[in-house]
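Quantities reported herein were computed from a predicted structural model and do not represent experimental measurements.
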Amino acid sequence: MAVAGLCRRLSGVLRVAGAASSRLSRRVLQKEAAKVEPFLPCASLHVSFPLKGLEEFFDDPKNWGETEIKSGDSWTVEQLRGKSSEDLHKLWYVLLKERNMLLTLEQESKRQRLPMPSPERLEKVETSMERMDQVVQEREDALRLLQTGQEKEWPGEWRYNFLGRIIWYTFREWPIPWYINAKHNRKRFYFLKNVEPFNRLRLEKYLRDQYKKKRRELQGWRTLRKIFPHLPAKPES
């Protein structure tokens, strides 16, 4: 009997303590809730196209069945140089998505044995991406010249090889000093005088090939002018 009475007293004490703690926690929550600022409803802003599935690999449904689609010109180097690096980064992904879409369209046209509508769009996109690579490389080279004074990505210098041609020699770290390194000492960064006549012949051959190439282009342009008289007298360089 004594044990039962003790258990009843203990349960009563725990019940009272639990009720008091619940009232205290409720008061604390009410006070903290009064301090919280109201949360205004908001929505995230997206500037990209809402479709993010396989639909982006296909052209706009408005252009389906068209034989000719109007498109703008490719990006020039001057236009790309005036853009920031962040804008170039965004434009690169826009052109990448456009190229993937055009490649899908080209493959589908081959499968159906139909002409691709306005195939010059793919060439314009690829040309723009190549020019963007050129602009980014120019900026990296300028930053490297400013920081390290090196023209190339890896440090080195222009040297002559044994044939008299100018090459870019990249500096490397060797595990042994250069004066006892047999492999390094076998390299020759100069040419003998009897190589100079062959260098002049090589330069003469290069200039002659360039002259022949320009003459072939001009002759082909004249042939096209006979077929299409509206073309200009000289091709645009």
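- Lys213 and Asp209 are not joined by a salt bridge, as no carboxylate oxygen comes within less than 4.0 angstrom of a charged side-chain nitrogen.
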ask   = Between Asp133 and Gln137, does a side chain to side chain donor-acceptor pair (under 3.5 Å) hold up when you go through it step by step?
value = CA-CA 6 Å; Asp133 281 336; Gln137 188 64 38; over 6 Å; no
request  = With side chain to side chain contact (heavy atoms under 4.5 Å, CB included) as the test, would you mind laying out the steps for Arg81 and Gln134 before giving the verdict?
outcome  = CA-CA 10 Å; Arg81 284 173 180 166; Gln134 177 184 348; 4.3 Å; yes
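- Looking only at side-chain heavy atoms (C-beta outward), Gln210 and Tyr206 come within less than 4.5 Å of each other.
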query = Between Lys226 and Thr223, is a side chain to side chain contact (heavy atoms under 4.5 Å, CB included) present by the stated rule, with each step listed?
reply = CA-CA 5 Å; Lys226 293 179 180 179; Thr223 304; 5.6 Å; no
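- Annotation: ring-ring contact (aromatic ring centres under 6.0 Å, His included) contacts of Trp168 (sequence neighbours excluded): Trp158.
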task = Take Val135 and Arg131 through the side chain to side chain contact (heavy atoms under 4.5 Å, CB included) test and state the conclusion after the steps.
result = CA-CA 6 Å; Val135 172; Arg131 291 172 179 172; 5.6 Å; no
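- Side chains of Arg202 and Leu163 form no contact here, defined as non-hydrogen atoms less than 4.5 Å apart.
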task = Could you walk me through whether Glu204 and Arg208 pass the salt bridge (Lys or Arg N to Asp or Glu O under 4.0 Å) test, one step at a time?
result = CA-CA 6 Å; Glu204 182 181 352; Arg208 189 184 299 112; 2.9 Å; yes
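- You'll find the side chain of Val136 stays beyond 4.5 Å of the side chain of Trp92, heavy atoms only.
- Between Arg144 and Asp141 there is a salt bridge, with a side-chain nitrogen of the basic residue lying less than 4.0 Å from a carboxylate oxygen of the acidic one.
- Atom OH of Tyr160 has 12 or fewer heavy atoms from other residues, nucleotides or ligands within 6.0 Å.
- In the displayed structure, Glu138 atom CD is contacted under 6.0 Å by more than 12 heavy atoms of other residues, nucleotides or ligands.
- Using a cut-off of 4.0 Å between Lys/Arg side-chain N and Asp/Glu carboxylate O, Lys90 and Glu86 are scored as salt-bridged.
- Annotation: side chain of Lys205 is not in contact with side chain of Leu201 (no heavy-atom distance under 4.5 Å).
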query = What do the steps show when you test Arg165 against Phe191 for side chain to side chain contact (heavy atoms under 4.5 Å, CB included), and what is the final call?
reply = CA-CA 9 Å; Arg165 299 183 179 182; Phe191 59 95; over 6 Å; no
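- With hydrogens and angles ignored, the 3.5 Å screen pairs no side-chain donor or acceptor of Ser128 with any backbone N or O of Ser74.
- Scanning all heavy atoms of the two residues, the minimum distance from Met116 to Leu102 falls at CE-O, 3.6 Å.
- In this structure, Pro117 and Leu105 have side chains that are in contact, with non-hydrogen atoms separated by less than 4.5 Å.
- Within a 6.0 Å sphere centred on OH of Tyr211, heavy atoms belonging to other residues, nucleotides or ligands number 12 at most.
- Atom CG of Leu203 sits about 4.5 Å away from atom CG of Leu207, to the nearest 0.5 Å.
- Atom CZ of Phe162 is separated from atom CG of Leu192 by 10.5 Å, given to the nearest 0.5 angstrom.
- Here the CZ atom belonging to Arg222 is positioned 6.0 Å from the CD atom belonging to Gln219, to the nearest 0.5 angstrom.
- For the residue pair Gln79 and Thr76, the shortest heavy atom distance occurs at CG-OG1, 3.1 Å.
- Val94 and Met101 fall into different hydrophobic clusters, where Ile, Leu, Val, Met, Phe, Trp and Tyr side chains are chained together by heavy-atom contacts under 4.5 Å.
- Every residue was checked against the salt bridge (Lys or Arg N to Asp or Glu O under 4.0 Å) condition with Arg172, not counting sequence neighbours, and none meets it.
- Between Arg111 and Glu108, at least one side-chain N (NZ, or NE/NH1/NH2) sits under 4.0 Å from a carboxylate O, which counts as a salt bridge.
- Two residues are said to be in side-chain contact when any heavy atoms from C-beta on lie closer than 4.5 Å; Phe171 and Glu157 meet this criterion.
- Nearest heavy atoms, Pro229 versus Ile227: CD-O, 3.4 Å.
- Counting heavy-atom neighbours within 6.0 Å of Tyr169 OH, excluding the residue itself, gives a total above 12.
- Minimum heavy-atom separation, Val125 to Glu98: CG2-CG, 3.8 Å.
- Note: Met132 CE to Leu96 CG = 10.5 Å, rounded to the nearest 0.5 Å.
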